[in-house]
Novice: 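Below are the structure tokens for one structure; questions will follow.
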Amino acid sequence: MKTIQAVTYPVHFQKDSYQELSKLIDAKNYSTIFILVDENTFEHCYPKFIPNLTTDKRIEVIEIESGEINKNLETCIGVWNAITELGGDRKSILITLGGGVITDLGGFVASCFKRGIDFVNIPTTLLSMVDASVGGKTGVDLGVLKNQIGLFTNPQMVIVDTDYLTTVTDREIKSGTAEIIKYGITYDVKLFNEIKNNKNLNINDLIFRSVEIKNEVVLQDPKEKNLRKILNFGHTLGHAIESFYLESEDKETLTHGEAIAIGMVCECYISSKLLGFPSDKVSDVKEVILSIYNKTTLLKEDFTAIMDLLKHDKKNVNGQVNFVLLNDFEDYKLDCKVSEELIIESMEFYNL
Ligand code: GLY
């Protein structure tokens with residue numbers, strides 16, 4: 001079994017991991033095992049998961065509705081009520097079985113219930129395998145503002161079983177790929193080049209390397225005081241674009257990765273203007289991204305609304321938007337201030 005040791009918990013890979021989960025459940029003698037799913041993971045992932053769980057403890061499944069739109073406090077209240085009605089106590093454990101919404105919301109719910117019960121993340125999408133389930137960030141959105149309410153809190157264990165990826169759409173796989181590209185651009189250009197060259201890509205290796213990188217970063221800076229900010233590359237503008245499409249009733253919602261991919265192109269462009277990030281590398285990033293994702297033309301008349309959302313980014317301090325930019329691949333500069341004009345210019349560059 002392959003394992004990566006995070007600060008207080010292991011990330012286990014593939015099928016042998018479930019033995020570790022059963023050992024944990026025995027060792028901690030939990031009173032009840034709650035499994036948080038959505039309608040999709042209940043139908044497609046739960047049947048794959050449950051035969052692997054060897055326990056005589058009581059198991060209760062709690063289902064929430066899928067989608068970022070449900071990643072909010074109302075849903076948390078529903079889950080807290082369900083756990084309470086089902087007799088949950090401090091010795092309960094919550095297993096989150098799903099994508100980023102389930103692992104983010106589930107970790108938050110568990111950490112607040114009776115001042116904290118244990119939880120285990122079992123991510124079922126590429127995005128949650130390479131990013132959301134590892135690193136201790138949990139939380140929910142406030143209206144369209146992403147992850148405004150949340151905690152740093154660690155699971156007991158993460159299990160990455162890539163068999164679940166057979167249950168998700170190609171669009172979801174592409175969404176997670178954006179985070180792998182981010183690790184490549186900011187931390188390990190070999191990873192970016194592998195995706196760029198698109199030859200003999202092994203998804204298990206890409207996931208393992210991504211988790212290794214994320215873990216290396218988080219171990220050095222768990223509370224995002226410095227280095228961890230590189231994991232926000234592409235996310236400052238990307239989150240604003242994602243929120244904008246989420247709240248626009250007449251537009252199709254973008255996946256997280258689609259929005260972050262646009263954000264990375266824009267932020268590479270801004271980096272080239274402010275820090276001299278080489279323009280051929282901006283073109284490389286744009287080309288790779290446009291080879292994976294359909295182009296979303298950002299309308300000029302929407303720029304103001306996107307800029308307004310940017311002003312709510314939780315990384316802002318004293319009303320100033322803070323960007324992580326790049327001097328070069330693997331060479332970052334934190335807390336960069338960027339003018340509104342340049343941000344708009346970067347969106348126009350993406351549109352070209
Ligand atoms: N998703 C960015 C982080 O975990 O820091």
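Just so it is clear, the model here is predicted, and its values are computed rather than measured. Atoms within each ligand, like the ligands themselves, are counted from 1 in listed order.
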Novice: Side chains of Glu179 and His256 only: does a donor on one sit below 3.5 Å from an acceptor on the other?
Specialist: yes
Novice: Quiz question: by atom type and distance under 3.5 Å, do the side chains of Asn81 and Thr84 form a donor-acceptor pair?
Specialist: no
Novice: Tell me whether Lys214 reaches ligand 1 (any heavy atom closer than 4.0 angstrom to a ligand atom).
Specialist: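 A heavy atom of Lys214 does come that close to ligand 1.
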Novice: Counting each atom of ligand 1 from 1 as listed, which ones have a heavy atom of Lys137 under 4.0 Å away?
Specialist: 2 (C), 3 (C), 4 (O), 5 (O)
Novice: Can a donor-acceptor pair be found between the side chains of Lys57 and Asn29 at a distance below 3.5 Å?
Specialist: yes
Novice: Looking at ligand 1, does any of its N/O atoms fall within less than 3.5 Å of an N/O of Lys182?
Specialist: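 It does not: no N or O of Lys182 is found under 3.5 Å from an N or O of ligand 1.
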Novice: What atoms in ligand 1 come closer than 4.0 Å to a heavy atom of Leu231?
Specialist: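 Checking each atom against Leu231, I get 2 (C), 3 (C), 5 (O).
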Novice: Report yes or no: is the cationic atom of Lys281 (NZ for Lys, CZ for Arg) closer than 6.0 Å to the six-membered ring centre of Phe192, at no more than 45° off its axis?
Specialist: no
Novice: Taking N or O atoms only and a 3.5 Å limit, does Asp131 qualify as a polar contact for ligand 1?
Specialist: yes
Novice: For Asn232 and ligand 1, does the shortest N/O to N/O distance drop below 3.5 Å?
Specialist: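 No; every N/O pair is 3.5 Å or more apart.
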Novice: Do side-chain atoms of Asp89 reach the backbone of Ser92 as a donor and acceptor pair under 3.5 angstrom?
Specialist: yes
